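First the structure, which I've put down as structure tokens, then a few questions once you've had a look.
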Amino acid sequence: MLLLLCCILMSSPLFAQPARIKVDLDRTIGEVDKNIYGNFIEHLGRCVYHGIYEPGNSLSDRNGYRMDVVAALKELNPTIVRYPGGNFVSNYNWLDGVGPRSERPPRMELAWGTIESNQFGTNEFIEYTKTIGTEPYIAVNLGTGTIEEARRWVEYCNVKEGPYFAELRKKHGYPKPYHVKYWGLGNEMDGTWQMGHMSAEAYADKAREAAKLMVRTSPGIKLIAAGSSNYLGSADPDDWNQTILEELKDVIDYIALHIYVGNPDNQYYNFVSTPLIMEQRTRIVKGMIERAMQTANRGNRPPVHIAWDEYNICYRKMEGLEEVYNLEDALVIAGFLNAFVRNADVVKMANLAQLVNVIAPVMTNEKGLFKQTIFYPLQLFANNMYGTALDVFVDCEKYSTDKFYNSNDRLPSELKDVPYLDVSATCNNDEVTICVVNKHRNQAITADIISQNGPFKGDFRVYEVNGPDLKSENSFKKTEVCAKEKPSVNHNGNRITYVFPAHSVTMVKGKVSR
């Protein structure tokens, strides 16, 4: 009887064994590319106008850039910013957005049904990237645009002097070339909603010829092809990706994938699992890349990598897309970032869509701004999670999802044995950074973080993103969710025991001996 009672007690939560997170510096995945902490600007809603660019506002500088936004973005540290779209780019002529502003023509903007004033264009974008300290990534129009228009844009940006469009840039007041390294070959060309939509074979033909002209104009640029974005059931995204990789395997440097998720049915565990759908799709495309590289002729260039150059949460407010995010959204974004790190060998770029106001980490009005809940995991990762990604062993309780549909596609998903603790880790010299998302909605989870190589050294700093409840939001009046530095934790040789609070993002950072 006493033995039975002991067994019952030991099996209860009070006596449950801690979860285990094993960190082994010899089990590596790949180098974390800084460009996975990128972002995206599109001429959509209040992202550009009344977001990053608002001439005449007392908070703006002489260039019209909102300086309160600049300060916030420097905290966020976006490493690369994609521009000008997005669906917008597929009917955009870049020449409309350069030269004296008084001479720039307003145009019908057919992607989002507005009038584009063209007061913000290429030069303003490049100057903005310099102001916030990020790298530019420009997508060309391969919808209604021609391959020669794309080539001319590269010449305008990257050629020092001599040919017409290089001299035109100088005439516009920018004597030095911009040396834009990253160029996208169109946007979402697999989508029937896209202006200039075409078949995979037709897109590959056009992209190949555009790439030829662009690279001959500016050797050394990196090219990103439009991979799958259409999971609406009208086409097979895997067929599209396979065709693009086979046809462009000698030409491109990245294949771009897109995903948007949401929680319209208020199914929490389904929602916080959506980054794993992205991870599944990453592995499928990784296999396609490996197959294509077997017969590729790339010289000494590295293999094609994946750029998740649009990802975010989007389902509440379709008009203007000014989502107000809550704590569970922050958990999802942290899950995406963990997944990018776990796939650091192949995911070498990611761009949260978008930067300001439109499904964004920063929201503005004419008097100021506030930082959304998703700002804080982005900030933690972009300022801390670098070096070599580690293949972390995680042993904890698990859950399974119902069959569910992502908010922007119709392919059903069902996940089994999902760990409550979602973990990634990096090692930079002797410094280890571990990010743990406790997805349990109401229970803290105690875990032992175990070094497989040697003892930990010194105290470990701890940062936590959390809030009063899963629906907690920030606003102009209050901040309910933010990142807080918690008391440092001690180690016991090669072991740290930590209690990860319910519905939290926790980053633990310190040193380890080999």
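Quick note: residue numbers are just sequence positions, from 1. Note that the structure is a prediction, hence the values are computed from the model and not measured. The analysis underlying the following values was restricted to heavy atoms, covering all of them including side chains, and did not include hydrogens, waters or symmetry mates.
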Quick check on Gln280: does its CD atom have over 12 non-hydrogen neighbours (other residues, nucleotides or ligands) under 6.0 Å away?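 Buried by this count: over 12 neighbours within 6.0 Å.
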Close side-chain approach of Glu31 and Thr388, heavy atoms under 4.5 Å: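 Touching, per the 4.5 Å side-chain cut-off.
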Check ion pair Arg104-Glu124 (N to O, under 4.0 angstrom):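 The answer is yes: the pair qualifies as a salt bridge.
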Residue pair Asn158 / Trp183, side-chain heavy-atom distance below 4.5 Å: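 In short, these two side chains touch, coming nearer than 4.5 Å.
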State plainly whether the residues Lys416 and Glu414 are in salt-bridge range, i.e. N to O under 4.0 Å.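 Here Lys416 pairs with Glu414 in a salt bridge, since their nearest N and O are under 4.0 Å apart.
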May I ask you to check whether Asp253 and His305 show a side-chain donor-acceptor distance below 3.5 Å?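 There is no such pair (donor and acceptor under 3.5 Å, judged by atom type) between the side chains of Asp253 and His305.
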Residues Lys212 and Glu209 bridged, charged N to O under 4.0 Å: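 The answer is yes: the pair qualifies as a salt bridge.
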Cut-off 3.5 Å, side chains only: do Lys34 and Asn77 have a donor facing an acceptor?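 There is no such pair (donor and acceptor under 3.5 Å, judged by atom type) between the side chains of Lys34 and Asn77.
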Arg27 atom CZ, over 12 foreign heavy atoms within 6.0 Å: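 No, the 6.0 Å shell around CZ holds no more than 12 heavy atoms from other groups.
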Strictly by modelled atom types, are Asn123 and Tyr178 linked by a side-chain donor-acceptor pair under 3.5 Å?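 Asn123 vs Tyr178: donor-acceptor pair found between side chains.
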State whether Arg151 and Glu148 are salt-bridged, where the test is any N-O pair (Lys NZ or Arg NE/NH1/NH2 against Asp/Glu carboxylate O) under 4.0 Å.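 Yes, this pair counts.
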Taking atom types as modelled and ignoring hydrogens, do the side chains of Lys249 and Thr295 form a donor-acceptor contact shorter than 3.5 angstrom?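 Yes.
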Using only heavy-atom distances, determine whether the side chains of His197 and Tyr203 contain a donor-acceptor pair under 3.5 Å.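 The answer is no; no qualifying pair exists.
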Measure the shortest side-chain to side-chain distance between Trp112 and Asn87 over non-hydrogen atoms and say whether it is less than 4.5 angstrom.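 Yes, close enough: below the 4.5 Å cut-off.
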May I ask you to check whether Thr364 and Asn357 show a side-chain donor-acceptor distance below 3.5 Å?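 Yes - a donor-acceptor pair under 3.5 Å links their side chains.
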Exercise: do Asp329 and Thr373 side chains pair donor with acceptor under 3.5 Å: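 Absent: no donor and acceptor within the cut-off.
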Could you check if a side-chain atom of Phe381 sits within less than 4.5 angstrom of a side-chain atom of Asn338, using non-hydrogen atoms only?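 Yes, their side chains come closer than 4.5 Å.
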Establish, from distance only, whether the side-chain atoms of Tyr315 and Glu323 form a donor-acceptor pair under 3.5 Å.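 No, Glu323 and Tyr315 have no side-chain donor paired with an acceptor closer than 3.5 Å.
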